[in-house]
Amino acid sequence: MQKIKLLMTLALALTSGISTAQKSQKGWQQLFNGKDLKNWDIKITGHQLNDNNGNTFSVKDGKLTVSYDGYKAFDEQYGHIFHKQKFSAYLLVMEYRFVGEQVKGGPGWAYRNSGAMIHSQSAKSMGVKQDFPISIEVQLLGGDGKGKRTTSNLCTPGTNVVMKNQLITAHCVNSNSKTYDNDIWVRAEVLVLGDSIVKHIVEKDTVLMYEKPQIGGGNVSNYDPALKKDGQLLSEGYIALQSESHPIQYRKVELFDLKPYMKDPRKLAAKLKELQNRK
C-alpha cells in the first residue's frame, strides 16, 4: 500500500506531459524499426496466429500501416499486432494519424477509431474467434468534423480500473483531450507504473489518469476462461496496436523502460522528471 501511495504521489507531481528523447538516447527502445514487422505477432479474429489476413498490417513508406486494401468487407475481423516483449513499467510514445476511408462493413463506432492495448494477454493465448485481448485499451480517435471527439480515452475489454478510489466498470471513459480532425499526426504517450498508476498524455497534456488496472468486466468474447481471473491486478503484459476497420498509420512507436527504477523511488522520481523536462 505504501508503494502504491508513493507511486501515485510521483505520478501526480508530473501534471504536464512527458517529452521523449532522440532515438539514440540511452534507455529508449524502438518497438517499430521503420523497416519491417520484426518482433511483432499478428492475431486477427477468425484467423490463426500470424495469419496477416489481407495484408492488414504492413510497412509503407517507413510507417507501420493498418489498411484494408485486401478486404472485400470487414466482417468483424478485428485485429491486433503485438510486440513480442512483455513490459511492466514504461513510457510508451506513439505518433499516429488516420488516413483514407473506413472499409465496407466497419461498424459506425469504429469510424476513425483504433487503439493501443497495454498490459495485454499475449497474441498466442488468444482464441481463434476471440475479438479483443484481455487488456487496457488506450483508445485513439480522430475527429469526425461534427463536434468534440476526444482521443486517448480508456476502454476496458475484460478489465476494470480504479479512479478516485472507485472501481470503474464502464467500458469506456473519455479523456479531456482536444479533438484532432483531418489526417494530422498526433503524439500520444502512456506512462505505466506496473499495477499502480497509468497516465494518458496527448501533445504534452495529461488527459486521463487511473490506477489498479485489473481483470474483470465484459466486452470481450471467445477467450480462454482460465485467463480471466476477475480482480487480479495487471502489473505487466504485452503492447498491441489495433485494426478496427479504419486505416491508421504510425511513424513512431517507442518505449522507455522504467522497470529498472521501480525499486528505488528516488531514482524513479529523478528519471520521471528528466523525461518530463526533455525537449
Q | Check against side-chain contact (heavy atoms from CB on, under 4.5 Å), Ile239 and Phe87 | A | CA-CA 8 Å; Ile239 294 170; Phe87 296 99; 3.9 Å; yes
Q.
Donor-acceptor pair, distance only, cut-off 3.5 Å: does the side chain of Ser177 make one with the backbone of Ser175?
A. no
Q.
Using the ring centroid of each side chain, check whether Tyr111 and His246 are separated by less than 6.0 Å.
A. yes
Q: Hey, can you tell me if Tyr250 and Tyr96 have their rings parallel, tilted or perpendicular (30° and 60° cut-offs)?
A: tilted
Q: Return yes if some donor-acceptor pair links the side-chain N/O of Asp41 with the main-chain N/O of Lys84 below 3.5 Å, else return no.
A: no
Q.
Donor-acceptor check, side chain of Lys43 to backbone of Val128, threshold 3.5 angstrom: yes or no?
A. yes
Q. Sub-3.5 Å donor-acceptor pair from the side chain of Ser245 to the main-chain atoms of Gln102, do we have one?
A. no
(Q) Using a 3.5 Å distance criterion without hydrogens, assess whether the side chain of Arg149 forms a donor-acceptor pair with backbone atoms of Tyr180. (A) no
Q: Would you mind checking if Glu95 and Arg187 are paired as a salt bridge, meaning a charged N to carboxylate O distance below 4.0 Å?
A: yes
**Q.** Any donor-acceptor pair under 3.5 Å from Thr65 side chain to Lys63 backbone
**A.** yes
Q. Is it the case that one hydrophobic cluster holds both Phe57 and Tyr238, taking links as side-chain heavy atoms less than 4.5 Å apart, direct or via other members?
A. no
(Q) Which heavy atom of Asn153 sits nearest to which heavy atom of Val173, and what is that distance? (A) CB-O, 3.4 Å
Q) Does the gap between the ring centers of Tyr210 and His200 come in under 6.0 Å? A) yes
Q: Give a yes or no on whether the backbone of Gln130 and the side-chain of Thr45 come within a donor-acceptor separation of less than 3.5 Å.
A: yes
Q) Is there side-chain contact between Asp51 and Ile44, with at least one heavy-atom pair below 4.5 Å? A) no
Q | Shortest non-hydrogen contact between Ser88 and Glu236, atoms and distance | A | CB-CB, 3.8 Å
Q | Donor-acceptor contact below 3.5 Å, side chain Asn182 vs main chain Ile184 | A | no
Q. Does Asp257 come within less than 4.0 Å of Lys271, counting only side-chain N to carboxylate O?
A. no
